[in-house]
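Since the structure comes first, as structure tokens, the remarks are kept for the end.
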Amino acid sequence: MNRCSPLFRLATGLLLALALGACSTNPVTGEREMVFVSTEAEKSIGAEHYAPSRQMQGGDYTLDPVLTEYVQGVGQKLVAASREVAVVDRDLPYEFTVLNNSVPNAWALPGGKIALNRGLLLEMNSEAELAAVMGHEIVHAAARHGAQQMSKGMLLQGAVLGTAIAARDQDYGNLIVGGANIGAQLIMQKYGRDAERESDRYGMLYMSKAGYDPQGAVDLQESFVRLSEGRRTDWLSGLFASHPPSQERVELNKAYLQELPQGGIRGEESYARAIGGIRRNKPAYDAYDKGRKALSEDRPDEAMALANEAISIEPREGHFYALQGDALLSKKRYQDARARYSTAIERNPQFFYYPLQRGLTALQLNDRRSAKADLEASIELLPTAMAYHGLGVIAERDGNLNLALQYYKGAAGSDSAVGQQAYRSLLRLDLPRNPGQYLQMRTGLDNQGQLIVEIANPTPAAVANLVLAVRYADANGRVQQVNRRLRGGVAANQRGQFATGLGPFANTQAFQAALVAAAIVE
């Protein structure tokens with residue numbers, strides 16, 4: 001049913017009163033649907049998260065600006081075509097970029113921010129196939145599919161989205177923290193079958209209107225099905241994870257094809273010229289990807305050899321020098337590693353990973369001034385747990401404990417190993433002063449009316465030297481306060497019960513108790 005039912009309106013009345021969008025018209029299809037996110041909110045979300053989302057996917061591909069201009073030109077042709085047939089033209093600020101990532105993938109953020117990976121471009125054979133991918137992503141943005149997904153999540157959680165998403169902080173690839181997690185969740189979301197079909201159908205319409213042969217969309221889906229049957233790992237972690245292909249989609253695309261004018265631009269030669277540079281450099285990136293895998297498996301010498309091989313093919317690529325730096329860093333050759341990261345920054349000063357790694361290396365050399373500058377520069381590009389933790393270490397070494405606490409709190413938002421390390425540092429500095437923020441306490445009375453305390457320790461560190469402050473009125477009505485040190489401690493993720501020797505009390509309303517001191521057991 002296309003219309004929002006009266007029963008549904010009644011059940012969600014409060015949400016509808018607060019929502020920014022609610023029951024509205026799909027700008028592409030003209031159908032009625034439930035969307036809580038306004039167009040302005042979509043634009044704001046896309047603009048805010050486009051840059052960090054590109055950073056976390058490898059950064060922009062900067063070696064071939066002509067290729068990026070080519071992709072942007074195809075994208076803008078399709079945008080113009082989409083506006084000719086749109087039921088409602090929301091005038092989204094579309095942007096297109098190529099990312100420096102070998103995984104075949106493409107994604108669209110709300111508000112028309114679209115990215116294609118270098119690896120996906122190598123899997124296509126014509127400008128028409130490129131138009132098919134980009135038209136598909138344009139429909140996702142134009143038809144508000146991302147906003148629909150967010151709205152579904154809001155209904156399930158009973159929350160309303162304003163200009164930001166309420167989401168639990170999770171790290172992405174054990175790196176990002178804070179608001180950048182929102183972008184990670186948006187580009188990783190999986191659309192439903194209806195949204196994929198809609199994007200296929202209208203994407204083909206946009207192709208045709210822009211002068212491209214829509215047969216390219218059929219050819220592309222047939223290729224995707226063959227690749228999915230081969231279960232290539234890079235495809236499974238890329239486009240297929242969010243846009244699963246199927247023979248059903250192929251057949252539907254063939255049916256859509258019959259509804260459109262036949263023929264149009266294929267653009268095999270123009271496409272081959274456009275991707276000539278990345279095709280020539282494919283052996284270099286293959287060596288780099290193998291080097292990354294070798295390093296992850298603790299084979300730094302092999303990683304270094306593969307990085308050298310990649311540089312011999314394409315010496316302009318910063319990723320290759322960063323791999324050298326990582327291999328040297330793993331062997332604790334800090335000065336050599338820092339030099340490689342500096343070369344990577346010279347090649348591309350706008351990718352967060354290079355200053356991040358150079359800053360962490362400088363910290364190993366106790367060059368706190370240089371480390372601080374680099375880590376702050378990396379955070380400007382993408383906030384990461386590693387950078388925040390490093391800045392926390394610097395602040396603590398400089399004696400600025402309050403600033404160190406702020407940085408450790410930022411890093412502790414990650415579930416990664418460095419996030420856990422930051423949380424331990426946070427506990428070490430802050431728990432002794434504010435035990436009540438980390439430890440949970442319940443009070444009760446024994447059979448004689450004596451105060452007993454149960455303390456739960458959900459942290460990963462054992463605690464001891466617990467001090468309890470108790471306020472109560474004595475027999476003369478005067479308020480007394482007693483600090484009582486509890487005997488023993490509480491192990492990590494355990495509970496402990498303590499007799500205080502205070503009382504008797506008539507009931508638990510006769511006193512107030514709070515933990516005022518504790519210590520981490522190293």
Geometric class of the H389/Y408 ring pair [parallel <30°, tilted 30-60°, perpendicular >60°]: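 If you compare the ring of Y408 with that of H389, the planes turn out tilted.
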
Below 4.5 Å, heavy atoms only, C-beta onward: do [X] and [Y] meet side chain to side chain?
X	Y	result
N125	D219	no
F351	N100	no
I311	Y321	yes
L323	H319	no

Over 12 non-hydrogen atoms of neighbours within 6.0 angstrom of CD in E297: yes

K209 atom NZ: more than 12 heavy-atom contacts under 6.0 Å: no

Spatial distance of atom CE (M207) from atom OH (Y256) [nearest 0.5 Å]: 14.5 Å

R358 charged N/C atom sitting above Y354 aromatic ring, 6.0 Å / 45°: no

Just checking, is any N or O donor in the side chain of [X] or [Y] under 3.5 Å from an acceptor N or O on the other one?
X	Y	result
Q76	Q72	no
Y61	N117	no
E314	N281	yes
R292	Y288	yes

Ring centre gap for Y285 and F320 strictly below 6.0 Å: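 Yes, the ring centres sit under 6.0 Å apart.
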
Ion pair check, K43 and E40, cut-off under 4.0 Å: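 Answer for the salt bridge query: yes.
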
